[in-house]
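Read the structure below first, then the notes.
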Amino acid sequence: MIKIKHIDITTENIEFLAIPVCENKSIHADQEINELVKKAKAIKGFEGKTGESIIFHNPEGVSASKVLFIGIGKSDALKEETFRCMAGKAVKTAISQKAENIAISSPGATKVKIKADKLASALCEGSILANHIYDAYKSEKKTIALKNIDIITETGSVAKLSGLEEKAEIICASTILAREWVSMPSNHKRPEEFATMLAKTATENGLEVTILDEEEMKSLGFGALLAVGQGSTSKPRLVIMEYKPEGKIKKKIAFVGKGVTFDTGGINLKPTGSLEDMKMDMAGGAAVAATLIAVSKLKPATHTIGAIPIVENMPSGDSYRPGDIFKSLNGKTIEITNTDAEGRLILIDTLTYIAKNYKPDMMIDLATLTGACMVALGEKIAGVFSNDDEFGKRVAESGNAVHERCWLMPMPEDYKEMLKSDFADMTNSANARWGGALTAALFLSDFVEKTKWAHIDIAGPAYSKKPSDYCGAGGTGFGVRLLCNLIDDI
Ligand code: BES
Ligand code: ZN
Ligand code: ZN
């Protein structure tokens, strides 16, 4: 439970109070808090620098058992993300101290020069997201999440901020749902099982759900998608979920998410070192399904469609081979030059199907598509590609605004040269070593009909081996906050 409220910290009993401390400025509207901060700063080694923290037990002036001071650095560098991280650290520390409830003191919005609603939302998001422990497969549950989170704001501001915590709670619950799906081991989310899992959650949340099975896709002509799945004993599925607003519809938007439940590389088998985390190759699909769950609760005026093609890329006596040629749903033939470039194959048939049958105003796919995108942008920034510059910019900005960082990448038409095949209309993997993220995006672009489209390569930020301030190790849920934010201003 999270609540934005105002309380008198001198009289109200608080179990665990967290206070952000700026290095060079007093940022709290409440004088009692500024006095406490002065006392903390009097301790040697605590100046309010980022990374510093100190705990007081039963300090004078407040009725809190523990007060945690968290350094947030200099005032000119304060951003919304500073407060997501600060709230995340506060929650993680409280959990490690076996607390049940936390109160996080918000600074004065004007003092940190951040809009009051953005500041409150950032504090809510950081604290809710950090209050998640993925221990489904641990026999012993060593840490327990907090029961209550209170965000304490200035007097008079609570009414203006009303409803923000509910919205943050919906979006963060979906982010956590995506994280758990991504972290789930592949033996528990094989295609048929994973499809049922997504469909069940979607149905329970009032979404309309359609599942296409192997037979249906075969008769419709999903040649590229089915090729990837043919090596596995668990058969491909296409899950489509739909949210239709009750009143006037503003726009129709479709999301497509890569759902490879495990990517061995197929006959072009990945080497040791590249296989271990490939349970995360359905992170795009997880983000899309989780976003639709959020949409079902947020009820925007946008008609929203989510499509998740689900396969397992396995080598076997039945698997597709390099050199094989398949006909995709839109009729183009594709020569397989690398069975590890499987994501784009399942995406193109889905993009074709959605563009033709749903005719959305715009379409966005999310996919852990290329290692090359990680080489270009590292592990924390996604690459955005689009057939419409304005739309691409909008998508990237929508991520950057919520600190799901994106960078707009080019789509050089002449690079399509690298996808030329001697035998079919095109190859699935470029014949040159460089620019792999770009050729993958160019490959997809041929299958979106005339739809305004963007592709987000989330290979880097979808998964993290190391925990961060408001995320544990494993799936990050990247994409859910970006898409929810985008729907807001469409
Ligand atoms: N799932 C991988 C991409 C990936 C790599 C995601 C590392 C996350 C971390 C994708 O299917 C893949 O194997 N791509 C190949 C494409 C190549 C064969 C053209 C790659 O990036 O090497
Ligand atoms: Zn692959
Ligand atoms: Zn893959």
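Quantities reported herein were computed from a predicted structural model and do not represent experimental measurements. Counting from 1, the numbers follow the sequence of the chain as shown. Computation of the quantities below employed the complete heavy-atom set of this structure, encompassing side-chain atoms and omitting hydrogens, waters and symmetry-equivalent molecules. When a ligand or atom number is given, it counts from 1 through the structure's own listing order.
- Rounded to the nearest 0.5 Å, atoms CG (Asn131) and CG (Leu129) are 9.5 Å apart.
- Nearest non-hydrogen protein atom to atom 18 (C) of ligand 1 is Asn338 ND2, 3.4 Å.
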Report task. Determine, step by step, whether Asp469 and Arg84 satisfy the salt bridge (charged side-chain N to carboxylate O under 4.0 Å, His left out) criterion, reporting the C-alpha distance in whole Å, the side-chain angles of both residues, the deciding distance to 0.1 Å, and the verdict. Result -> CA-CA 8 Å; Asp469 289 336; Arg84 266 186 218 105; over 6 Å; no
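- Remark: minimum distance from atom 2 (C) of ligand 1 to any protein heavy atom is reached at Asp263 OD2, 3.6 Å.
- For atom 14 (N) of ligand 1, a protein non-hydrogen atom is found at a distance below 4.0 Å.
- Ring pair Trp453/His455 is parallel by interplanar angle, where below 30° counts as parallel and above 60° as perpendicular.
- For the residue pair Ile348 and Ala224, the shortest heavy atom distance occurs at CD1-CB, 3.9 Å.
- Residue Met280 approaches ligand 1 through these ligand atoms, each under 4.0 Å from one of its heavy atoms: 8 (C).
- Between the side chains of Asp281 and Thr368, a donor-acceptor pair is found at a separation under 3.5 Å.
- In this structure, the separation between CD on Glu81 and OH on Tyr470 is 3.5 Å, given to the nearest 0.5 Å.
- Side-chain contact, Thr233 with Arg190: a donor N or O sits under 3.5 Å from an acceptor N or O.
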Pair up each side-chain donor or acceptor in residues 270-277 with any protein partner under 3.5 Å, not counting sequence neighbours, and list the distances.
residue : atom : partner : partner atom : Å
Lys270  : NZ   : Asp340  : OD1          : 3.2
Lys270  : NZ   : Asp340  : OD2          : 2.8
Glu276  : OE1  : Gly273  : N            : 2.9
Glu276  : OE1  : Ser274  : N            : 3.4
Glu276  : OE2  : Gly273  : N            : 3.0
Asp277  : OD1  : Lys465  : NZ           : 3.2
Asp277  : OD2  : Lys465  : NZ           : 2.5

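- With values rounded to the nearest 0.5 angstrom, Glu169 atom CD is found 9.5 Å from Lys297 atom NZ.
- In this structure, the separation between CZ on Phe222 and CD on Glu214 is 13.0 Å, given to the nearest 0.5 Å.
- Looking only at protein heavy atoms, the nearest one to atom 7 (C) of ligand 1 is Met278 CE, 3.6 Å.
- Looking at Glu379 against ligand 1, nothing comes within 4.0 Å, counting heavy atoms.
- Protein heavy atom in closest approach to atom 21 (O) of ligand 1: Gly371 N, 2.7 Å.
- The environment of Lys141 atom NZ is dense: over 12 non-hydrogen atoms of other residues, nucleotides or ligands sit within 6.0 angstrom.
- Closest to atom 12 (C) of ligand 1, if we only count protein heavy atoms, is Asp340 O, 3.2 Å.
- Between Thr451 atom OG1 and Phe391 atom CZ the span is 10.5 Å, to the nearest 0.5 Å.
- Among the backbone and side-chain atoms of Leu369, no N/O/S atom is found under 2.8 Å from the Zn ion (ligand 3).
- For ligand 1, the atoms lying closer than 4.0 Å to a non-hydrogen atom of Met374 are 7 (C), 9 (C).
- Under 4.0 Å from ligand 1, the heavy atoms of Leu369 that appear belong solely to its backbone.
- Where the criterion is an N or O separation shorter than 3.5 Å, residue side chain and backbone included, Gly343 fails it with respect to ligand 1.
- Of all atoms in ligand 1, listed by their number and element, those nearer than 4.0 Å to a heavy atom of Ala459 are 6 (C), 8 (C).
- Each of the atoms 19 (C) of ligand 1 lies under 4.0 Å from some heavy atom of Ser429.
- A donor and an acceptor atom, one from each side chain of Trp407 and Asn400, are nowhere located under 3.5 Å apart.
- Annotation for ligand 1: atoms under 4.0 Å from non-hydrogen atoms of Glu342 are 11 (O).
- Around the NZ atom of Lys327, the shell of radius 6.0 Å holds no more than 12 heavy atoms that belong to other residues, nucleotides or ligands.
- Below 3.5 Å of separation, one finds no N or O of Thr370 facing any N or O of ligand 1.
- For the atom pair CZ (Arg344) and CD1 (Ile334), the distance works out to 10.5 Å, reported to the nearest 0.5 Å.
- Here is the list of ligand 1 atoms found below 4.0 Å of a heavy atom in Lys258: 1 (N), 10 (C), 11 (O).
- Between Lys270, Met282, Arg344, it is Arg344 that holds the heavy atom closest to atom 16 (C) of ligand 1.
- Around the Zn ion (ligand 2), the protein N, O or S atoms found under 2.8 Å comprise Asp263 OD2, Asp340 O, Asp340 OD1, Glu342 OE1.
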